[in-house]
Amino acid sequence: MFSKIEYLFSKIQTLLLWTISVALLAMMCIIFAQVFTRYVIFYSLPWSEELSRYLFVFIIIIGINIAVSKDKLIKIDAIQTVVKSIRGRAAVAFLHAVIGMVASILIASYATDLFPVGHVQKSPAMRIPMIIMYSIVFSGYVLSTIALFFKACEQIRIMTDPATKGKMISKEEELQEVMNKE
């Protein structure tokens with residue numbers, strides 16, 4: 001059951017990755033049109049800057065959970081490199097995931113505080129309800145919480161696996177781990 005949920009979440013992330021790609025393409029086209037109209041036609045599109053900003057926020061916020069799942073976020077791994085046992089590294093990674101989940105839950109809950117304002121407030125140029133942007137922030141961090149939950153479960157599996165008991169990481173394995181991340 002758990003693996004089916006994890007599989008479904010990975011499919012959702014693939015769909016979101018494609019959506020992010022389309023949003024990036026749209027943002028580039030809008031910015032190109034803005035530059036063209038401003039410097040060639042000498043007319044500025046009033047909505048282009050606002051829409052490209054909203055697309056940029058969408059790309060970043062929704063992309064966070066994909067970066068979490070693929071382990072591509074910037075992190076300081078000084079503690080993790082000092083620990084040489086597999087279970088110890090899994091425990092440090094589990095702690096990172098739990099701290100990330102707490103932060104994501106806090107940000108998502110604070111985003112819901114803006115929902116009442118978002119129903120009333122509209123964007124200046126395009127006049128779209130700001131609840132859309134606040135919902136994107138909320139959704140992005142809920143997805144990040146789910147991705148971090150799966151990361152934490154993966155670390156628990158590593159810590160409880162009998163094959164990892166007492167196993168240390170050699171220099172070759174550590175070098176291979178660094179090479180695979182890049």
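Note that these values count all heavy atoms, side chains included, but never hydrogens, waters or copies made by symmetry.
Contact of the Met28 side chain with the Leu25 side chain is registered, since non-hydrogen atoms from C-beta on lie closer than 4.5 Å. Between Ile66 and Ile20, the closest side-chain pair of non-hydrogen atoms falls below 4.5 Å. Considering only heavy atoms from C-beta on, Leu55 comes within 4.5 Å of Ile30 through its side chain. Side-chain contact between Asp71 and Lys151 is present, with at least one heavy-atom pair separated by less than 4.5 Å. Side-chain contact between Trp18 and Val22 is absent, with no heavy-atom pair separated by less than 4.5 Å. Counting heavy atoms from C-beta outward, Phe150 and Val68 have side chains that stay 4.5 Å or more apart.
Transitive grouping of hydrophobic side chains (ILVMFWY, heavy atoms separated by less than 4.5 Å) keeps Phe32 and Val35 in distinct clusters. Cluster annotation: Ile60 and Met133 are assigned to the same hydrophobic cluster (Ile/Leu/Val/Met/Phe/Trp/Tyr, side-chain heavy-atom contacts under 4.5 Å, transitive). Transitive grouping of hydrophobic side chains (ILVMFWY, heavy atoms separated by less than 4.5 Å) keeps Ile99 and Phe149 in distinct clusters. Under a hydrophobic-cluster definition in which Ile, Leu, Val, Met, Phe, Trp and Tyr are linked whenever side-chain heavy atoms come within less than 4.5 Å, directly or via other members, Leu15 and Ile12 are assigned to different clusters. In the hydrophobic clustering of ILVMFWY residues, with side-chain heavy atoms under 4.5 Å counting as a link, Met126 and Ile131 come out together.
Taking Ser139 as the reference, nothing meets the side-chain hydrogen bond (donor to acceptor under 3.5 Å, both in side chains) condition, with sequence neighbours excluded.
Taking both residues in full, the closest heavy atoms of Ala152 and Met101 are given as CB-CE, 4.1 Å, listed atom of the first, atom of the second, then distance. Of all non-hydrogen atoms in Ala67 and Leu73, the two that sit nearest each other are CB-CD2, 3.6 Å. Nearest heavy atoms, Asn65 versus Gln13: OD1-NE2, 2.7 Å. Closest non-hydrogen pair, Arg87 versus Met159, comes out as NE-O, 2.9 Å. Among all heavy-atom pairs drawn from Leu114 and Tyr134, the shortest one is O-CD1, 3.4 Å.
With values rounded to the nearest 0.5 angstrom, Leu148 atom CG is found 11.5 Å from Phe94 atom CZ. Distance check, rounded to the nearest 0.5 Å: CD1 of Ile31 to CG of Leu45 gives 12.0 Å. Here Ile62 contributes atom CD1 and Ser144 contributes atom OG; the two are 8.0 Å apart, rounded to the nearest 0.5 Å. Atoms CD and CG, from Glu49 and Leu51 in turn, are 11.0 Å apart once rounded to the nearest 0.5 Å. Between atom OG of residue Ser21 and atom CD1 of residue Ile59 there is a gap of 8.5 Å, rounded to the nearest 0.5 Å.
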Checklist line | Full working for side chain to side chain contact (heavy atoms under 4.5 Å, CB included) between Leu24 and Met27 | finding: CA-CA 5 Å; Leu24 182 61; Met27 187 175 79; 3.9 Å; yes

Note to self: Apply side chain to side chain contact (heavy atoms under 4.5 Å, CB included) to residues Tyr54 and Met130 and explain how you reach the verdict.
What the structure shows: CA-CA 10 Å; Tyr54 293 157; Met130 290 305 293; 3.5 Å; yes

Next item on the list: Could you walk me through whether Tyr141 and Leu106 pass side chain to side chain contact (heavy atoms under 4.5 Å, CB included), step by step?
Entry: CA-CA 9 Å; Tyr141 281 100; Leu106 284 174; over 6 Å; no

Note to self: With side chain to side chain contact (heavy atoms under 4.5 Å, CB included) as the criterion, how do Leu143 and Leu16 come out once you've worked through the C-alpha distance, each side chain's angles and the decisive distance to 0.1 Å?
What the structure shows: CA-CA 11 Å; Leu143 290 170; Leu16 287 174; 3.4 Å; yes

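Counted within 6.0 Å of CD on Gln121, heavy atoms from surrounding residues, nucleotides or ligands total more than 12; the atom is thus considered enclosed. Atom CZ of Phe9 has more than 12 heavy atoms from other residues, nucleotides or ligands within 6.0 Å. Within a 6.0 Å radius of CZ in Phe115, other residues, nucleotides and ligands contribute more than 12 heavy atoms.
The closest donor-acceptor contact from the side chain of Arg38 to the backbone of Ser44 lies at 3.5 Å or more, if one exists at all. Looking only at distances, no side-chain donor or acceptor of Glu50 sits under 3.5 Å from a matching main-chain atom of Ser123.
When only modelled atom types and interatomic distance are considered, Ser52 and Gln34 share no side-chain donor-acceptor pair under 3.5 Å.
Within the structure, side chain to side chain donor-acceptor pair (under 3.5 Å) contacts touching residues 91-120 (residues at least two apart or in different chains) do not occur.
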